[in-house]
Amino acid sequence: MQSRSAEQTIRVVIPDGGLRADLHIEEGTDPMSVTAEVILAKLAEAGTEVTEASRTVCSDLVGRLQSLCEKGGTVTALNGTPPDHGAEGYLELLPGIDPTPDGRRASIVAEAAAAPAAPSKTATKDHYNRSVYCLIAKGQPVGRIVPPRSGTDGRDVRGRTLACKQSRPADCQLDDSLAVGHDGTITANHDGILCHEPPRLTLRQDIDVGGSVDFATGNLDGPRDVSIGKAIRDKFSVSARRDLSVGGVVEAATISSGRDMMLTGGMASKEQGSLRCARDCTAKYLNNVSGSIGRDLTLDREMVNAQLDIGRGLMAPDATIAGGRVVIGGAVDLGTLGSDSAKTVLALGSLPSLSGLLDNARKLLPSVEERVKKAETRLAQLKSINGKLSHAQAEELTELEFGLAEARGKSEPLAAGISRLSGTLSRLTTIDLIVRQRVFARTLLCVDNLIADFHTDLQGPVRFSLAEAGGLVVTDMTTDQTVDISNFAKVTADLEAILFRASPERKPVMEQAPERSAA
Amino acid sequence: MPGAVSNAALIGNKNMKVLLIDDSRTMRNIQKSVLSQLGLTQIEEACDGQDALSKVGAFQPELILVDWNMPNMDGLSFVKAYRQLNKQTPMIMVTTESEKSRVIEAIKAGVNNYVIKPFTPDLLAQRIGETLSKKAA
């Protein structure tokens, strides 16, 4: 077969949107006709950009194309540059921070599944404490906003620009609960629960659980209000720095609120639950509960076997207190007091939180005053020395002067504080008890230093108050007749023994309540 | 200590670094308490002149309270040695040495003020306030 010229047999193909130019040479081409000029002319004819680089490429291709002349073949002559589209900005959360309850629940389940079947005694995990809510503390970093990386345009073999895409910033909307630093770091402006509903990322301060608090939610510590739709199960703890409301039953759990508490379903279980409420509490019933309520308790049905300190009043005209020990600072309006089966102790006009503080302050004052007196005596001795003081005496005098200033600085505010506290205590406490239905025998009513131990049942409605002479009197609210309580109860004077035997570990309410009111 | 609180207004720079040099820990605690009433909390302590010289380089005090009678290196020797290194930092001698000649000797060595023991917390606070306001002027 007669060989043909390269001008006839070389074809240029430009595939891939112009990113490549291939040279196809047919079989039976005369190798001598393959020259750089022919190749360049073919490429230029196909519309490719002629540059110094393409000229060099053509020279380099001559040898390769000549080797394909006999059988034919294809070589790539030119390559374009594809566009670099850069990278979109995105939200990157720190490891362990998962703002979706389902995501956190999944990781808790996965962790539990990965744990050995029989864990060692030292590697125990507190399953109660693993909350599905992502609680973030003020100032805590949660992640960062990664900025977009801009891309660069490409160029095809014809010399045309291949435009890159515009990379966009992270699709993330933050509110003022989160702050973004110069480097994109996101930190919490206050305590809260991290929530991510793309594109919004926010810290919610209120917790609203539709169902129950159990292993599916873990313990809860709400930075503000906490609302539970159903129950709080045994041994879980829920605290709210403001209001706490629970729709279902609270079992033997630990609950606390910095302000009000509403227990629509009540609190009851075989074991004792713990309740701390800094302000007012409303409950259907409180059975087997210990703790304190800073102000008023409104009770619908009953309080059985409770160990409770109530700072102000109890409004429970249809409810029963049976068993346990209840200390109340203010007025009480109650349905039934006591029961056939259990001894019930009700102490009136007492505020254990403030009384405890007052007792401590009163115990402290004499020792501070004693220090002042001793220092003053020694100071007078040293000052009365005639002539020059020794170095040691001069140093001792300085120490005494300082000790005296310090002790005086403590004793004066302490005395003022005691006086204020006594005033507050007498203002807040009152003896006013109304029992509308019945007071059972075996009930102990404690007022000031008196204990009335009821030996017979007393039919209501009756009102208990202090007589001007100092004793406890009972007024029949139907006939308005007043009689001494000794007609129904044996009266003795041993209040401290009864109170502290019943609750030796009692602590002041103010130590435990996070946001107690000024009162 | 109401006097200390009123003198606190004289202290402009609450981040001022203060070096206390006294062999008595109680005395250092007293001085520390007065300083904290004045709002000064950056305090370093030394138990004698030698200890103090080893600390001034790193701590760079802006006020020094120094006792006279101490073991190893007494306060006067420290003042002389320190003034070779630094002529600016105000120094207050807090001592039982009450004779006039001793006061003059200390002033000549380079102290800026002098407090004689026994002193009251108010007096020490007042002297610190005076010394710093003079230095600032």
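Here is how names work: the chains are called A, B, and so on, in the same order as the sequence lines, proteins then strands, and each is numbered from 1.
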Under 4.5 Å from a heavy atom of chain A, the part of Thr95(B) involved: neither

Donor-acceptor contact present, side-chain Lys17(B) to main-chain Leu63(B), <3.5 Å: no

Minimum-distance pair of heavy atoms, taken over all atoms of Lys117(B) and Ala394(A): O-CB, 3.6 Å

Residue among Gln393(A), Glu401(A), Glu395(A) with most heavy-atom pairs under 4.5 Å to chain B: Glu395(A)

Side-chain ion pair, Asp206(A) and Arg241(A), N-O less than 4.0 Å: no

Chi angles and distances behind the side-chain hydrogen bond (donor to acceptor under 3.5 Å, both in side chains) call for Thr131(B), Asn112(B): CA-CA 7 Å; Thr131(B) 310; Asn112(B) 302 72; over 6 Å; no

Selection from Ile116(B), Ile30(B), Leu123(B) maximising heavy-atom pairs under 4.5 Å formed with chain A: Ile30(B)

